[in-house]
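Starting from 1, each residue takes its place in the sequence as its number.
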Amino acid sequence: MKKLVSLLLVTLVISGCASQKQNFLGVQEEPKKTAPKPSNPSLGETQNAAKIANTTKEQKKTPKILKSYVDDQNYVKAIEDFKSALEDNPDAADLNYYTAESYRKLGNPKASIPYYAKAIAGGFDNDELELNYALALKADEQYEGAKQVLTEYIDYASIEIYKERAQKELSNLEKLDSISLNVRNIDLNPLKDINTELSEYSPFVFNKELYFASTREEENFSRYNVPFSDLYKVKLNGLNPDATNLEKLSELFNTENVNEGSIAFSPDGNTVVFAKGNTSEKRGRRSVDLFISTKRNGKWSTPVSMPINSPEAWDTSPSFNQAGTTLYFASDRPGGFGGSDIYRATLNARGRWANVTNMGNVINTAGDEVFPYVAPNNQLYFASDGHAGFGMLDLFSAENKGGNVTVKNLGPSFNSSADDFGLIYSDFPFEGFYTSNRAGGKGGDDLYSFIDNSSDLKQITYVLKGTTYRRNDDSTQAILGNVRVKLLDANDKLVDDVLSSRGGSYSFEIDPEKDYTIIGEKNDFFTARKIFSTIGEGIPQDELVERFTEKVFNEDVTLDPIVLDASIVLENIYYDLAKWDIRTDAAVELDKLVQLLVDNPEIKIELSSHTDARAEDDFNLDLSQKRAQAAVDYIVSKGIAKERLVAKGYGESQLVNGCTNDKINECSEEEHQKNRRTEFKVIEIDRN
C-alpha cells in the first residue's frame, strides 16, 4: 500500500507520493518526462483508454469488463471484476495484466506480482510490463529476481525512455550492498497512541505540537475505498504525543470530502502553507494546489491558492528554509525529470512567492522525489523511489558543499522496502518523526518517532570564557565591566562580539583547530589584543563519552587606561652606537605600536627617544631627535597617518636615575641602558 497517498490517489496527490506515475484520474503516465506533459491530462487519458480498448479488442475481450478500469478509474471495483473473470480463465494474459495494473495504481505493487508473472507467461504485449514487474519484485525485496527481469528486458526493450529507466533501476539495485552499510543506531518507535488502522502521514512539529494528516474520520472516496484526509494536531511531551489533546484543525483548513495534507509553518510562525486536493467528483479539473494563510492580529486569514501553483498539475508537500524566504515543494508539472520533482520558490522584493526553480537532475530523477524538508543546518532531506533504495520510497539527504551536491540514502536503519517518507527533525540532529507503511504498523501509513544514538552524533561544544579587567597604576588588576569583546578569526574577520557583564564575564562558542584573536574595547582605555588558539586542543569524536560535552577555555582580557601625557616605555628598542637606523629587532617592537594605533584610531601620540649622559649634550639631543624621527617614519610607512605622530628627542635631559655627567663612571651599563629608552605618550584624544 503506497502510503495514504498510495491508497488514495487523491491522498497520493496531496501527500506528494506519485511514485506510481498516476495522473488525477488514475491513468498511468510516462515514467520519464522527455518533454513537457500535455496541459490537459484528459488527452493522455483518452489515448491510454484507446490503447487499452484496442488491446482488449485484439484479445477478444468486451469493453464492458474494462469499464471500471478505463471509464471510472475505480480500481477497487476493477479488481473485483477481473478476479471474477479469472475464475473461469485463470491464465488469461490480459485479465492478469489489468489486475496487476489495478493493484499497482492503488499503490500495492506486492499484490500485483503473481498477476504480472501470468501476464508475461501468457505473452501479453505491453512496453512497460516487465519494468513494472521488476519494480514490484523490488518492493517485495526480491532483488535478484528484479535484476534478472531488468537484465532480460534491457536486451529487447524498444522504447528508449523505458530502456533508460530499466538501466537506471538495474544500476540502483547494484548499489544495495553499498547503501546497506550506512547503518546507524536508531531507536524507531510507532506513535501507537495516535496511529490508526487507516493512515497518518506527513508530520510537522511547531510550538511543541505535532501536525499531521489522517484519513481517520472522513467518508470514503469510492474509487479507492479509502477516506479523504484531514489535518490534525496533538501536543507533544518530547517525542510522545498526548492523545487526549488530539484535535482536527478548524474548517478554515479542513473541507469536507476534500483532501488536505502536508502542512508547514514558516520559522516565525506567521505563515502556514498546506496542500489541498481534488473533490469526490469522478470527473473534473485536476486541482491539487498549495494554499497559504497568514496570521493577522492573532488570527489566520482565509487560505488562498498560491501563485506558484501549476494549472492541471499537483503541487504539494511544502517546506520552508530556515530564513523563511524559500519554499521547497513537490510537483509533477511539465518540464521536470520524473513523475514528481522537487522545486523551490523564493520571496521576491514585493514579498510575493515567485521564481519557481527545479532543483535539478542531481536530486530529481525519472522516478518520484517528494516531501522535501530543510533541516536547521540547511541540509535538504526528501523521499525518492528514483535513487538507489530498498524498495518503494526511501529517505535521502542532499548536501551542498561548495556547489557540489551529493545525494545519500539514509540507509537501512531509516528505510525499508516499503514507503518511508516525510522526515522532519524536532531536535536536530538527534530526534524527529517520519512516516512509513512498513510491516508491523497499525495499518496504512503510520507515524514514527526516531532517536539517533549513533556515536558520530555525540556533540562537543568548545567555549571560550574569560573576565575583563583594568590594570591599576601599581600593576594590580580590578574587574572592568561592560567591555566590548570581539572574536576574530585567523584572517581578522569578525566571528562574534559581546559586551562583558557588569562582573566582567564574557563567553564565545568557538571551533576546534583554529586560531583566534581576542580584542577588548572600552572608551578611555587602550584596546587590548591577544592571540588565542584551539589547535591541538580538540577532543576526537571516538573519545567522547557523553552525548553532550563542553570543553571550556579561559582567557582574561586586561585593558590599560589612557592617561594623557603619561609616558609608556617601549621595551627592546635598540640602536647601533651613534646611529639611528631602525634595526630588525626594533622593528618588531615598533610593529606592536603600529597595531596599537590601528586599534585606537582616536589617539595622537608623541614618540620620544632618550639617551644616557655618556656624550656631549648637543650630540645626544641631535641623536635622540633623529632616532625618534626614524621611529615615526617607520610607523608612517606602515600606514599610520603622520598627523597622528610627533617625534621628540630629549637627549639626556630626562634621565630616570642619577647617572648624570658627573657620575658616569659610577653607573653600571645596566643603569645607563635604562636611560637609553624609547617612550610614547598620548597627547590628544579625538572623541568625534
Whether [X] side chain and [Y] backbone form a donor-acceptor pair below 3.5 Å:
X      : Y      : value
Asn675 : Val656 : yes
Ser319 : Tyr328 : no
Thr346 : Asn355 : no
Asp496 : Leu487 : no
Asp515 : Ser533 : no
Thr558 : Arg470 : no
Asn554 : Gly466 : no
Asn348 : Ala354 : no
Lys592 : Leu570 : no
Asn409 : Gly411 : yes

[X] side chain near [Y] side chain, heavy-atom distance below 4.5 Å:
X      : Y      : value
Asp599 : Gln595 : yes
Ile640 : Leu645 : yes
Val205 : Ile424 : yes
Ser202 : Phe204 : no
Leu239 : Phe433 : yes
Leu191 : Asn189 : no
Phe337 : Thr365 : no
Lys681 : Val563 : no

Worksheet item: Can the ring centres of Phe508 and Phe532 be said to be less than 6.0 Å apart?
Response: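 Ring-ring flag for Phe508/Phe532: false, centres at least 6.0 Å apart.
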Worksheet item: Given the side-chain rings of Tyr381 and Phe396, with only the six-membered ring counted for Trp, is the space between their centroids under 6.0 Å?
Response: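 Tyr381 vs Phe396: aromatic centres not under 6.0 Å.
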Fill in: Derivation of the side-chain contact (heavy atoms from CB on, under 4.5 Å) call for Phe414 and Leu423
CA-CA 10 Å; Phe414 282 96; Leu423 178 143; 4.1 Å; yes
Practice prompt. Not counting sequence neighbours, list each pair that qualifies as a side chain to side chain donor-acceptor pair (under 3.5 Å) and has a residue in residues 635-651.
Written response: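 For residues 635-651, and leaving out neighbouring residues, the side chain to side chain donor-acceptor pair (under 3.5 Å) pairs sorted by first residue read Glu606-Tyr650.
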Could you grab the distance from atom [atom1] of [X] to atom [atom2] of [Y], nearest 0.5 Å is fine?
X      : Y      : atom1 : atom2 : result
Thr357 : Ile342 : OG1   : CD1   : 13.5 Å
Ile363 : Ser384 : CD1   : OG    : 10.5 Å
Asn404 : Asn400 : CG    : CG    : 7.5 Å
Trp580 : Leu623 : CH2   : CG    : 7.5 Å
Ser317 : Glu369 : OG    : CD    : 11.0 Å
Leu464 : Thr534 : CG    : OG1   : 9.5 Å

Carboxylate-amine/guanidinium contact [X] [Y], below 4.0 Å:
X      : Y      : result
Lys486 : Glu521 : yes
Glu669 : Arg676 : yes
Lys674 : Asp612 : no
Arg184 : Asp452 : yes

Counting only heavy atoms not in [X] (residues, nucleotides, ligands), do more than 12 fall under 6.0 Å from its [atom1]?
X      : atom1 : result
Gln477 : CD    : yes
Asp565 : CG    : yes
Asn297 : CG    : no
Asp268 : CG    : yes
Lys551 : NZ    : yes

Item to complete: Take Lys530 and Tyr516 through the side-chain contact (heavy atoms from CB on, under 4.5 Å) test and state the conclusion after the steps.
Response: CA-CA 9 Å; Lys530 64 189 310 184; Tyr516 293 97; over 6 Å; no
Fill in: Test side chain to side chain donor-acceptor pair (under 3.5 Å) applied to Asn415 and Tyr434, step by step
CA-CA 11 Å; Asn415 291 311; Tyr434 67 93; over 6 Å; no
Restricting to non-hydrogen atoms, name the atom on [X] and the atom on [Y] that form the minimum distance, rounded to 0.1 Å.
X      : Y      : result
Ala586 : Ile582 : CB-CG2, 4.2 Å
Ala628 : Gly649 : CB-N, 4.3 Å
Ala264 : Pro318 : CB-O, 3.4 Å
Pro372 : Leu380 : CB-CD1, 3.9 Å
Ser624 : Ser609 : O-CB, 3.2 Å

Discussion item. Lys235 vs Asp242, test: salt bridge (Lys or Arg N to Asp or Glu O under 4.0 Å). Steps then yes/no.
Written reply: CA-CA 6 Å; Lys235 290 184 179 179; Asp242 180 1; over 6 Å; no
Practice prompt. Step by step, work out the side chain to side chain donor-acceptor pair (under 3.5 Å) result for Ser454 and Asn185.
Written response: CA-CA 5 Å; Ser454 304; Asn185 184 11; 6.0 Å; no
Discussion item. Please tell me whether Asp591 and Tyr634 have a donor and an acceptor in their side chains that are separated by less than 3.5 angstrom.
Written reply: yes
Mind checking whether [X] and [Y] have parallel, tilted or perpendicular rings, split at 30° and 60°?
X      : Y      : answer
Phe430 : Phe548 : perpendicular
Trp300 : Phe253 : perpendicular
Phe371 : Phe421 : tilted

Worksheet entry | Full working for side-chain contact (heavy atoms from CB on, under 4.5 Å) between Tyr211 and Leu231 | CA-CA 7 Å; Tyr211 291 77; Leu231 292 168; over 6 Å; no
Worksheet item: How far apart are the C-alpha atoms of Lys458 and Glu543, what are their side-chain angles, what is the distance that settles it, and do they pass the salt bridge (Lys or Arg N to Asp or Glu O under 4.0 Å) test?
Response: CA-CA 10 Å; Lys458 287 187 171 65; Glu543 293 182 11; over 6 Å; no
Practice prompt. Apply salt bridge (Lys or Arg N to Asp or Glu O under 4.0 Å) to Arg484 and Asp497, showing your working.
Written response: CA-CA 7 Å; Arg484 176 63 60 186; Asp497 73 291; 2.9 Å; yes
Discussion item. Under the criterion side-chain contact (heavy atoms from CB on, under 4.5 Å), I'd like the reasoning laid out for Thr468 against Val485: C-alpha separation, chi angles, the key distance, then a yes or no.
Written reply: CA-CA 9 Å; Thr468 53; Val485 184; 3.7 Å; yes
